[in-house]
Amino acid sequence: MLLAQKSSCFPAVKQHAPAAITLSCPQPTSGMRPRTRFPKALAEDSEQRQALETEYKATKNTTADLEAARTDKPSADASSMAKAPKVKPGIPLTPENVAIGIVYFTQGVLGLARLATTYFFKDDLHLDPATLATLTAISAAPWVVKPLWGFMSDSIPVFGYRRKSYLFLCGLLGCGSWVGMATPGLVGTPATAVAMLVVGSLGTAMSDVVIDSIVVEKSRGADSQSTAGSLQSLCWGASACGGIVSAYWSGALIESLGVRGIFLLTSAFPLLLCGAALLVNEDRTSVPGAPSRLLGVQLDGLWQLLRSQVAALWGALTETGVILPAVFLFVWQATPTAETAMFYFYTNKLHFQPSFMGEIRLLGSIASLVGVATFNFFLKEVKLRKIFLWTALIGAALGLSQLILISGLNRQLGLGDELFVLGDSVILTVLGQISFLPLLVLAARSCPEGVEASLFATLMSLSNGGAFVGSFLGSLLTRGFGVTSSNFDHLAALVACCSLSSLLPLTLLHLVPDNLSDKDDKD
């Protein structure tokens with residue numbers, strides 16, 4: 001089964017996991033709301049801490065809502081939210097929320113080139129399944145170092161902005177990368193292709209960090225868990241809609257335009273990020289009288305600012321309520337996958353055409369949207385451990401069902417290969433979407449003020465790092481079982497090994513908080 005992925009070059013994820021690799025940090029274990037904590041050594045020196053906090057507040061661009069909270073005055077954004085029409089369920093239709101939807105829609109619509117990229121590596125560059133899995137993982141390296149982009153966004157304003165400017169630059173990076181992929185004289189080897197995909201992945205990963213920080217700020221200030229859950233549903237619902245728009249045509253256009261034509265068409269979509277940047281509600285950062293600046297940031301205070309950010313981030317990461325679920329999610333994502341080998345089986349053995357592969361992606365995107373709706377309306381209050389347990393068990397069982405396809409037993413039962421694959425893809429995608437949305441809500445509502453992008457990006461990177469490891473393990477197992485572009489003798493053993501390994505993280509299920517309840521999280 002081919003799952004929708006978070007970025008156009010994101011590594012393949014295991015069959016029971018969702019497309020977007022995410023990670024949760026738990027709720028506070030006490031009745032206090034989460035807040036930034038400084039190390040004891042820093043706290044003991046009150047004068048130094050006061051100086052750092054003063055420097056930080058002088059250079060950090062706070063949002064209009066936080067400023068209003070300090071002055072007890074309603075912000076412009078708050079007023080507009082109060083007057084704005086409501087969309088389901090309880091999300092104000094403000095320009096900033098529209099920007100959130102645009103960024104996630106762009107992430108979904110970039111899937112137009114995902115299938116073309118796989119065909120490009122397989123047919124144009126003639127790579128075997130194991131090598132393809134390895135290069136796909138490498139091309140997603142920017143997702144593993146998301147904390148770096150979080151620090152940059154939180155600490156270094158570009159042209160006076162910590163959000164708008166980065167989103168605009170991300171759009172330009174993404175556009176340039178796909179134009180490069182469409183140029184035959186520029187990209188003709190695996191190395192140059194991976195280099196271009198890394199640039200595109202950088203633009204998508206950094207824009208994800210920036211927009212996630214905005215979602216975190218809104219989720220932390222939400223009145224209830226339900227509102228925060230609705231924000232996450234807006235994000236991933238928009239991503240699923242983007243995936244639906246691009247999914248079917250991703251296969252059909254390969255047959256008419258070719259992979260290079262698809263790459264050129266895809267290059268237009270990252271420019272939507274430039275438009276979204278204009279909708280973000282952010283005041284310009286300015287430090288009057290600063291003797292030296294770098295793109296609008298005071299150089300003299302940059303080191304002190306970074307130290308305060310690192311101190312706050314470290315204080316949050318050392319909390320057991322954050323690190324224990326992080327360990328679980330890393331292991332959850334680090335189980336190997338046979339997805340790349342199955343793609344070769346579909347196209348080289350079963351001879352599925354690009355148009356049908358596009359149909360698989362289309363139904364997968366629709367199933368992803370169904371998963372978002374299912375969680376949003378029925379499962380927001382269900383205990384986390386129960387969601388993880390049942391999605392893992394059902395996902396492993398359905399993963400083993402692919403042995404029926406590999407052996408050809410489905411044809412003996414009168415069920416065609418195409419119908420079998422479509423049904424399997426839909427069910428697994430719904431399960432995957434249901435399993436990760438609660439984690440996003442929990443992560444967003446637990447991030448302390450001041451390091452929203454940094455901490456959330458760190459948590460996401462741990463999960464992405466797990467997927468990175470899982471992709472490499474899948475590549476090693478594919479090579480170890482001798483599965484190639486034409487030899488599928490041991491594919492059944494590979495699929496069974498990967499499916500059963502997905503149950504191993506359940507031994508660490510006790511590290512995850514049991515629910516998302518926010519009832520006791522009051523000052």
Side-chain angles (χ1 to χ4, degrees), residues 1-3 5-6 10-24 128-134 136-137 140 144 324-346 384-407 421 424-425 427-436 439 462-484 488-512:
M1 181 206 66
L2 300 179
L3 299 181
Q5 300 170 354
K6 185 167 181 121
F10 202 73
V13 292
K14 59 183 178 294
Q15 295 170 348
H16 68 273
I21 311 299
T22 54
L23 184 58
S24 165
D128 60 80
T131 303
L132 174 57
T134 300
T136 304
V144 182
L324 293 182
V327 171
F328 171 80
L329 262 296
F330 179 87
V331 176
W332 175 276
Q333 296 299 128
T335 55
T337 172
E339 185 174 348
T340 303
M342 287 302 299
F343 175 81
Y344 277 76
F345 180 76
Y346 291 157
L384 270 177
R385 294 177 185 173
K386 181 180 292 187
I387 293 177
F388 271 121
L389 176 63
W390 285 106
T391 54
L393 292 175
I394 297 173
L398 289 175
L400 289 173
S401 71
Q402 292 199 356
L403 299 178
I404 299 175
L405 178 69
I406 296 171
S407 66
V421 171
D424 184 65
S425 176
I427 298 174
L428 283 172
T429 303
V430 171
L431 287 174
Q433 201 78 3
I434 290 173
S435 70
F436 87 91
L439 304 172
L462 288 173
S463 179
N464 294 340
F468 194 78
V469 171
S471 191
F472 273 111
L473 289 177
S475 174
L476 292 175
L477 286 175
T478 300
R479 198 176 300 278
F481 279 102
V483 177
T484 67
F488 303 102
D489 293 343
H490 301 291
L491 179 61
L494 172 64
V495 169
C497 180
C498 292
S499 296
L500 292 176
S501 70
S502 66
L503 297 176
L504 294 177
L506 294 182
T507 60
L508 302 177
L509 195 58
H510 62 282
L511 300 180
V512 179

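Reckoned from all heavy atoms, side chains included, excluding hydrogens, waters and symmetry mates. It should be emphasised that the depicted structure is a prediction, and the values quoted were computed from it without experimental measurement.
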Student: Return the CG to CG distance between Leu389 and Leu393, rounded to the nearest 0.5 Å.
Tutor: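 If we round to the nearest 0.5 Å, Leu389:CG and Leu393:CG are 4.5 Å apart.
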Student: For residues Thr335 and Ser501, is any side-chain donor paired with an opposing acceptor at under 3.5 Å?
Tutor: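 Note: Thr335 and Ser501 side chains miss the donor-acceptor criterion.
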Student: Work out which heavy atom in Leu506 is nearest to a heavy atom in Ala392; give both atom names and the distance.
Tutor: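 For Leu506 and Ala392, the tightest heavy-atom pair comes out as CD2-CB, 3.8 Å.
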Student: What closest approach, in Å, do Pro336 and Gly474 show between heavy atoms, and which atom pair accounts for it?
Tutor: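 Nearest pair, atom of Pro336 first, then Gly474: CB-N, 3.7 Å.
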Student: Any donor and acceptor pair, going by atom type alone, linking the side chain of Thr507 with main-chain N or O of Leu504 inside 3.5 Å?
Tutor: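 Yes; at least one donor-acceptor contact below 3.5 Å.
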Student: Just verifying a value: how many Å separate Thr340 OG1 and Asp128 CG, rounded to the nearest 0.5 Å?
Tutor: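 Answer rounded to 0.5 Å: 10.5 Å.
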Student: What residues form a side chain to side chain donor-acceptor pair (under 3.5 Å) with Thr478, not counting sequence neighbours?
Tutor: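 With sequence neighbours excluded, Thr478 shows a side chain to side chain donor-acceptor pair (under 3.5 Å) to no residue whatsoever.
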Student: Trp332 vs Phe328 aromatic rings, parallel, tilted or perpendicular, using cut-offs 30° and 60°?
Tutor: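 Tilted: the ring planes of Trp332 and Phe328 meet at 30° to 60°.
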Student: Kindly say whether Leu132 contributes a backbone atom to a donor-acceptor pair with the side chain of Thr136 at under 3.5 angstrom?
Tutor: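 Answer holds: yes.
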Student: Enter the distance from Cys497:SG to Leu477:CG here, rounded to the nearest 0.5 Å.
Tutor: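 CG of Leu477 is found 5.0 Å from SG of Cys497.
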Student: Would a 4.5 Å heavy-atom cut-off, applied to side chains only, mark Thr134 and Phe472 as touching?
Tutor: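 In contact.
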Student: What do the steps show when you test Val483 against Tyr344 for side chain to side chain contact (heavy atoms under 4.5 Å, CB included), and what is the final call?
Tutor: CA-CA 10 Å; Val483 177; Tyr344 277 76; over 6 Å; no
Student: Return the set of residues passing side chain to side chain donor-acceptor pair (under 3.5 Å) with Ser401 (not counting sequence neighbours), or none when no residue passes.
Tutor: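 Scan of Ser401 (side chain to side chain donor-acceptor pair (under 3.5 Å), adjacent residues dropped) gives Asp424.
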Student: Is the closest side-chain heavy-atom distance between Leu508 and Phe330 below 4.5 Å?
Tutor: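 A side-chain contact is absent here, since even the closest heavy-atom pair is not under 4.5 Å.
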Student: Between Ser475 and Ala130, which heavy-atom pair has the shortest distance, and what is it?
Tutor: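 Heavy-atom minimum between the residues: OG-O, 2.8 Å.
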Student: Sequence neighbours excluded, which residues qualify as side-chain contact (heavy atoms from CB on, under 4.5 Å) partners of Thr484?
Tutor: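 Counting only residues at least two positions away or on another chain, Thr484 forms a side-chain contact (heavy atoms from CB on, under 4.5 Å) with Ser486, Asn487.
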Student: For the side chain of Ser425 and the backbone of Val421, is there at least one donor-acceptor N/O pair under 3.5 Å apart?
Tutor: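 Not at all, since once roles are kept as given, no pair shorter than 3.5 Å links the two residues.
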Student: Rounded to the nearest 0.5 Å, what separates atom CD1 in Ile427 from atom CG in Leu398?
Tutor: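 The distance works out to 5.5 Å.
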Student: Say you draw a straight line from CG of Leu494 to CZ of Arg479; how long is it, rounded to the nearest 0.5 Å?
Tutor: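 Between atom CG of Leu494 and atom CZ of Arg479 there are 12.5 Å.
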Student: So which atom in Ala341 and which in Phe488 form the shortest heavy-atom distance, rounded to 0.1 Å?
Tutor: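 Answer, listing the atom of Ala341 first, then Phe488: O-CE2, 4.2 Å.
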Student: Kindly give the heavy-atom pair with the smallest separation between Gln402 and Met342, and that separation in Å.
Tutor: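 Closest pair (atom of Gln402, atom of Met342, distance): OE1-CE, 3.2 Å.
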Student: When rounded to the nearest 0.5 angstrom, what distance separates CD in Gln333 from CG in Leu462?
Tutor: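 It comes to 11.5 Å.
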Student: Indicate the atoms forming the closest heavy-atom contact of Val495 with Ala338, along with that distance.
Tutor: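 The answer is CG2-CB, 4.2 Å.
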